[in-house]
K.L.:
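I am attaching a structure below and will ask some questions about it afterwards.
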There are 2 protein chains.
Amino acid sequence: MLSKKAKYGLQAIIYLAKEEKKNKGPIQIAELAKHEKIPKKFLEIILLEMRKQGILHSKLGAGGGYSLGKPADKITIGQIVRLLDGPLAQVSCLSKIAYHKCDECKDEKTCEIRKIMKKVHDSTARILDGTTLSDAVKGKINF
Amino acid sequence: MLSKKAKYGLQAIIYLAKEEKKNKGPIQIAELAKHEKIPKKFLEIILLEMRKQGILHSKLGAGGGYSLGKPADKITIGQIVRLLDGPLAQVSCLSKIAYHKCDECKDEKTCEIRKIMKKVHDSTARILDGTTLSDAVKGKINF
DNA sequence: TTTTATTCTATTAGATAAATAGATTTAATC
DNA sequence: GATTAAATCTATTTATCTAATAGAATAAAA
């Protein structure tokens with residue numbers, strides 16, 4: 001399951017990407033929170049994390065607010081989810097951003113759990129890293 | 001990430017499936033715990049949950065222990081993971097075993113997060129529900 | 001009736017999730 | 001320069017979940 005943090009973060013950045021097109025300058029946390037029904041204080045924390053990773057850009061003071069930190073087609077859903085919820089991998093021995101040998105594991109090469117979860121991880125990463133914010137906003141995702 | 005519970009559960013049931021072939025009768029928790037390096041008391045809880053769902057069978061008293069509750073080719077990895085870790089779905093509005101409308105969601109049909117996560121969920125479910133314990137034991141999983 | 005094993009009841013320490021409160025800093029505008 | 005609008009920083013809180021442990025009860029075989 002996605003945490004609320006990741007879900008709120010995705011909602012917020014998708015909204016930002018949509019508004020960006022209208023060229024109305026930065027969007028305030030208050031507006032984002034109201035429109036997406038997200039607790040304002042919690043959203044602050046989430047946006048700040050995304051800004052620190054360069055995915056968002058902020059402007060202080062009056063007339064300030066948040067905007068995308070880079071073009072929507074350079075931001076993938078995978079980046080956002082990893083940033084807010086940690087590794088996509090089901091077992092740490094499969095994670096690229098946080099590799100860690102499993103304690104109980106005797107041999108990674110023959111571990112059946114690892115083999116199955118590698119398939120899951122690869123397909124998940126392919127989807128999430130292959131979908132950009134731009135795709136989401138354009139409604140390019142079909143099912 | 002898989003919880004330790006799910007990981008221990010998978011380790012244990014894979015071990016049981018392998019031992020089953022040798023026709024030596026039920027395996028004791030103590031043996032399982034020792035062989036797979038799992039805290040014994042924690043493993044008790046896990047095995048009991050699996051037994052209550054019919055995936056395992058237990059025999060009380062001396063000479064007792066655990067064995068598979070049905071043939072290894074009738075037990076999928078998906079069943080085990082759902083049983084121990086809950087729904088595979090990233091958002092509750094996609095779960096079959098625990099559907100629940102998202103609080104903030106205005107329209108499921110047009111929700112971009114849902115569309116992306118549906119792809120992830122479908123591919124994950126296809127892999128995990130399409131792999132049986134028997135496949136795992138036979139080393140049929142290739143990558 | 002002793003031994004071996006699962007099962008049940010209860011509890012706990014620690015981590016994480018989700019949120020809230022209040023003070024501070026920065027910058028535009030009046 | 002004062003006011004206002006905004007993000008930022010520090011801190012705290014509550015609830016829930018994870019992982020594990022302890023001990024008594026029950027069941028069955030030898």
K.L.:
Can you give me the closest heavy-atom contact between B:Cys102 and A:Lys7, atom names plus distance?
P.N.:
SG-NZ, 3.2 Å

K.L.:
Within residues 61-72 of chain A, which residues have any heavy atom lying less than 4.0 Å from an atom of DNA chain D?
P.N.:
A:Gly61, A:Ala62, A:Gly65, A:Tyr66

K.L.:
First and last nucleotide of DNA chain D touching chain A, 5' to 3', heavy-atom cut-off 4.0 Å?
P.N.:
D:dA5 to D:dC9

K.L.:
Could you tell me whether B:Asp122 and B:Arg126 make a salt bridge, using a distance below 4.0 angstrom between a side-chain N and a carboxylate O?
P.N.:
no

K.L.:
How many angstroms lie between CG in A:Leu2 and CD1 in A:Ile80, if you round to the nearest 0.5 Å?
P.N.:
11.0 Å

K.L.:
Provide the closest heavy-atom pair for B:Gln79 versus B:Ile75 in the form atom of the first, atom of the second, distance.
P.N.:
OE1-CA, 4.1 Å

K.L.:
Hey, could you give me the NE2/OH distance between A:His57 and A:Tyr66, rounded to the nearest 0.5 Å?
P.N.:
10.5 Å

K.L.:
Ignoring hydrogens and angles, tell me if any N or O in the side chain of A:Lys101 forms a donor-acceptor pair with the backbone of A:Cys105 under 3.5 Å.
P.N.:
yes

K.L.:
Could you pull out all donor-acceptor pairs under 3.5 Å where a side-chain atom in residues 82-98 of chain B meets a protein atom, sequence neighbours excluded?
P.N.:
unit_1: B:Arg82; atom_1: NH1; unit_2: B:Asp129; atom_2: OD1; d: 2.9
unit_1: B:Arg82; atom_1: NH2; unit_2: B:Asp129; atom_2: OD2; d: 3.0
unit_1: B:Asp85; atom_1: OD1; unit_2: B:Ser3; atom_2: OG; d: 2.5
unit_1: B:Asp85; atom_1: OD2; unit_2: B:Ser3; atom_2: N; d: 3.0
unit_1: B:Asp85; atom_1: OD2; unit_2: B:Ser3; atom_2: OG; d: 3.4
unit_1: B:Ser92; atom_1: OG; unit_2: B:His100; atom_2: O; d: 2.8
unit_1: B:Ser95; atom_1: OG; unit_2: B:Ile97; atom_2: N; d: 3.3
unit_1: B:Ser95; atom_1: OG; unit_2: B:Ala98; atom_2: N; d: 2.8

K.L.:
Provide, to the nearest angstrom, the distance between the CG atom belonging to B:Leu48 and the P atom belonging to C:dA5.
P.N.:
17 Å

K.L.:
More than 12 foreign heavy atoms under 6.0 Å from NZ of A:Lys70: is that the case here?
P.N.:
yes

K.L.:
Closest heavy-atom contact between B:Leu68 and B:Leu133?
P.N.:
CD2-CD2, 3.9 Å

K.L.:
Where along residues 19-36 of chain B does a heavy atom fall under 4.0 Å from DNA chain D?
P.N.:
none

K.L.:
Look at the side chain of B:Lys119 and the backbone N and O of B:Ser123, then say whether any donor-acceptor pair between them is shorter than 3.5 Å.
P.N.:
no

K.L.:
In the 5'-to-3' direction, what one-character label does each nucleotide of nucleotides 18-24 of chain C receive under the scheme B = base within less than 4.0 Å of a protein heavy atom, S = sugar-phosphate only, - = no such atom?
P.N.:
SSBBB--

K.L.:
Would you mind reading off the distance between A:Ile46 atom CD1 and C:dT16 atom P, rounded to a whole angstrom?
P.N.:
18 Å

K.L.:
Should A:Lys59 be listed as having a side-chain N or O under 4.0 Å from OP1 or OP2 of C:dA28?
P.N.:
yes

K.L.:
Any side-chain N or O of B:Ser58 under 4.0 Å from OP1/OP2 of C:dA5?
P.N.:
no

K.L.:
Taking all heavy atoms of A:Ile116 and all of B:Ile127, pick out the closest pair and write down the distance.
P.N.:
O-CG2, 4.4 Å

K.L.:
Starting from the C-alpha separation in whole Å, work towards a yes-or-no answer on salt bridge (Lys or Arg N to Asp or Glu O under 4.0 Å) for A:Glu49 and A:Lys52.
P.N.:
CA-CA 5 Å; A:Glu49 278 186 44; A:Lys52 282 178 180 165; over 6 Å; no

K.L.:
May I have the distance from B:Met1 (atom CE) to C:dA15 (atom C1'), rounded to whole angstrom?
P.N.:
16 Å

K.L.:
Cut-off 3.5 Å, no hydrogens considered: what does the side-chain donor-acceptor table look like for residues 27-43 of chain A, sequence neighbours left out?
P.N.:
unit_1: A:Gln28; atom_1: NE2; unit_2: A:Pro26; atom_2: O; d: 3.4
unit_1: A:Gln28; atom_1: NE2; unit_2: A:Gly64; atom_2: O; d: 2.6
unit_1: A:Glu31; atom_1: OE2; unit_2: A:Tyr15; atom_2: OH; d: 2.8
unit_1: A:Glu36; atom_1: OE1; unit_2: A:Gln11; atom_2: NE2; d: 3.2

K.L.:
How is B:Lys7 classified with respect to the nucleic acid when contacts are heavy atoms under 4.0 Å: base, sugar-phosphate, or nothing?
P.N.:
nothing

